[in-house]
Amino acid sequence: MEAQSSSGLLLSRKRRRESFNRETEEGEKLGKIPRCTVGLKHPAPFADELVPADGKPYERVSMEEAKRGTLPERPVRVYADGIFDVFHSGHARALMQAKCLFPNTHLIVGVCSDDLTHKYKGFTVMNEDERYDAIIHCRYVDEVVRNAPWTLSPEFLTKHRIDFVAHDDIPYSSAGSDDVYRHIKEAGMFAPTQRTEGISTSDIITRIVRDYDVYVRRNLQRGYTAKELNVSFINEKKYHLQERVDKVKRKVRDVEEKSKEFVQKVEEKSIDLIQKWEEKSREFIGNFLQMFGPEGALKHMLKEGKGRMLQAISPRQSPNSSPTREERSPSPTFRLPFFTKTSPPPSPPPHHSGARGYLIIFGRLVITGRLSCGLKRKFCNNEPFKCLCSTTYFCRFNLSFHPLYR
């Protein structure tokens with residue numbers, strides 16, 4: 001049952017904190033406030049240090065009169081009491097609401113002493129002097145009552161001329177009573193305010209207790225001694241060791257983050273380089289195909305050169321009225337000049353101009369034409385006659401000009 005109640009309390013506090021955050025966000029979205037200087041220069045005085053009031057009898061102001069507004073010399077005196085331990089924004093908001101209950105309000109704040117607080121509520125973080133000092137420096141407070149009573153008596157209300165008591169309307173059970181403000185509510189002197197959900201002194205203490213080791217290490221790092229923190233010698237060394245380990249972890253984390261950034265940069269650069277390489281490779285392949293592809297420029301050049309070569313070595317077209325085989329003169333016998341010196345070789349007839357053809361292939365001269373069988377057998381061993389030197393000459397069967405036969 002205790003675990004269920006504690007979990008329900010935590011959930012309710014989380015919901016209150018979320019609703020409080022939503023309210024603040026909505027408030028921030030409203031219009032902005034014009035600049036003005038309204039801060040006070042002096043703290044609020046204590047009640048026992050003020051000049052006693054005049055001898056006029058105490059007369060309360062009704063709720064209707066207070067809401068309509070009173071004379072400046074007769075403000076509505078509103079009293080709000082509390083412990084105000086670890087003074088936080090929830091306390092300040094409660095006092096602000098009490099100050100704004102009526103158009104003309106004089107706010108009196110009562111702060112309970114350490115003896116009463118420790119007796120009825122528990123131990124406090126701040127002592128009574130520190131709590132008094134925190135309240136007198138709140139801008140909404142006009143007067144502070146030290147050593148305020150736990151339960152308000154009629155004598156106390158009359159002494160301080162209190163018109164209304166401000167507090168949240170949740171029943172406050174303490175000192176053997178279900179609600180210490182019941183008689184105030186029955187007298188019509190109670191003015192309810194709203195609690196600021198999501199923050200309280202108990203919540204702040206819970207955070208500190210929950211993260212005790214973190215705060216102990218924090219204070220040790222800031223120069224507090226183990227004795228001041230009530231920490232044993234062994235725990236002190238343990239906390240120092242944990243702090244060193246955390247430093248190493250932070251350094252490792254920083255190195256990992258930097259290495260990730262470096263790897264990311266390298267990957268980005270490598271991707272850029274790969275893209276550039278791909279573009280260059282596509283460009284190179286395209287240029288190569290344009291030059292050496294099936295329909296490239298080289299093929300057209302070879303075709304064009306081949307056509308010119310064939311046109312150069314092809315025989316002239318013989319006339320239509322060419323003589324018959326019987327009328328043709330016998331083919332001449334090819335004679336080399338240095339084998340036959342008596343008579344020069346007869347010149348071939350014009351229509352045998354095909355015997356003068358030649359073909360140049362890879363630096364060698366291949367004679368294409370009609371050569372006598374004796375020349376082939378004698379010089380070429382029944383192979384096509386080829387020029388065996390590295391230089392090509394246009395000898396046109398006049399072999400005496402060739403270096404081999406000089």
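Keep in mind that this is a model prediction, so the values were computed, not measured.
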Fill in the blank from the handout: When every non-hydrogen atom of Val165 is compared with those of Tyr181, the smallest separation belongs to CG1-CE2, 4.1 Å

Exercise for the section: Look only at the side chain of Arg131 and the backbone of Cys112, and say whether a donor-acceptor pair between them is shorter than 3.5 Å. Expected result: yes

Exercise for the section: Answer yes or no: is there a side-chain heavy-atom contact under 4.5 Å between Tyr140 and Arg93? Expected result: no

Exercise for the section: Check for a donor-acceptor pair, side chain of Arg146 on one end and backbone N or O of Phe46 on the other, with a separation under 3.5 Å. Expected result: no

Exercise for the section: Could you walk me through whether Arg77 and Asp142 pass the salt bridge (Lys or Arg N to Asp or Glu O under 4.0 Å) test, one step at a time? Expected result: CA-CA 10 Å; Arg77 297 174 66 87; Asp142 299 309; over 6 Å; no

Practice task
Please answer whether the main-chain N or O of Tyr172 pairs with a side-chain N or O of Asp179 as donor and acceptor at a distance below 3.5 Å.
Solution key: yes

Problem - Shortest non-hydrogen contact between Pro103 and Ala66, atoms and distance - result: CD-O, 3.4 Å

Exercise for the section: Give the minimum heavy-atom separation between Ile135 and Phe87, together with the two atoms involved. Expected result: CD1-CE1, 3.5 Å

Practice task
State, yes or no, whether a side-chain contact exists between Thr196 and His88 at a heavy-atom distance under 4.5 Å.
Solution key: no

Fill in the blank from the handout: Taken in chain and number order and not counting sequence neighbours, the residues that satisfy salt bridge (charged side-chain N to carboxylate O under 4.0 Å, His left out) with Glu278 are Arg282

Handout entry: Beyond-backbone contact of Asp133 with Asp129, side-chain heavy atoms, under 4.5 angstrom
Key = no

Exercise for the section: Compare all side-chain heavy atoms of Lys280 with those of Phe284 and state whether any distance is below 4.5 angstrom. Expected result: no

Practice task
Determine whether Ile83 and Thr201 make a side-chain contact, defined as any pair of heavy atoms from C-beta on separated by less than 4.5 Å.
Solution key: no

Problem - Donor-acceptor contact below 3.5 Å, side chain Asp114 vs main chain Asn127 - result: no

Handout entry: Check: Phe156 and Val145 side chains under 4.5 Å, non-hydrogen atoms
Key = yes

Problem - Side chains of Tyr132 and Asn147 in contact at under 4.5 Å (non-hydrogen atoms) - result: yes

Exercise for the section: Would you check if there is a donor-acceptor pair between the side chains of Tyr239 and Asn219 at a distance under 3.5 Å? Expected result: no

Exercise for the section: Indicate yes or no for a side-chain donor-acceptor contact from Asp81 to the backbone of Trp150 under 3.5 Å, with no hydrogens or angles considered. Expected result: no

Fill in the blank from the handout: Separation between CG (Asp168) and CD (Gln194), nearest 0.5 Å, reads 8.5 Å

Problem - Check: Asp254 main-chain N/O paired with Glu257 side-chain donor or acceptor under 3.5 Å - result: no

Practice task
Please report the shortest heavy-atom distance between Arg250 and Glu243, naming the atom on each side.
Solution key: NH2-OE2, 3.7 Å

Exercise for the section: Mark yes or no for whether His167, through its side chain, and Phe190, through its backbone, hold a donor-acceptor pair below 3.5 Å. Expected result: no

Practice task
For Asn287 and Glu283, indicate whether the former's side chain and the latter's backbone hold a donor-acceptor pair under 3.5 Å.
Solution key: yes

Problem - Spacing of NE2 belonging to His183 relative to CE belonging to Met189, to within rounding of 0.5 Å - result: 8.5 Å

Handout entry: For the student: nearest non-hydrogen atoms of Ala191 and Leu101, plus distance
Key = CB-CD1, 3.5 Å

Handout entry: Pairing residues for Glu143 by the side-chain hydrogen bond (donor to acceptor under 3.5 Å, both in side chains) criterion, not counting sequence neighbours
Key = His106

Handout entry: Salt-bridge present (Lys121, Asp85; N to O < 4.0 Å)
Key = no

Problem - Test: Arg60 cationic atom under 6.0 Å from Phe164 six-membered ring centre, within 45° of axis - result: yes

Exercise for the section: Measure across Ser89 and Ile199 and return the closest heavy-atom pair with its distance rounded to 0.1 Å. Expected result: OG-CD1, 3.7 Å

Problem - Full working for side-chain contact (heavy atoms from CB on, under 4.5 Å) between Phe84 and Val109 - result: CA-CA 10 Å; Phe84 303 107; Val109 178; 3.7 Å; yes

Handout entry: Thr117 (side chain) donor-acceptor with Ser113 (main chain) under 3.5 angstrom
Key = yes

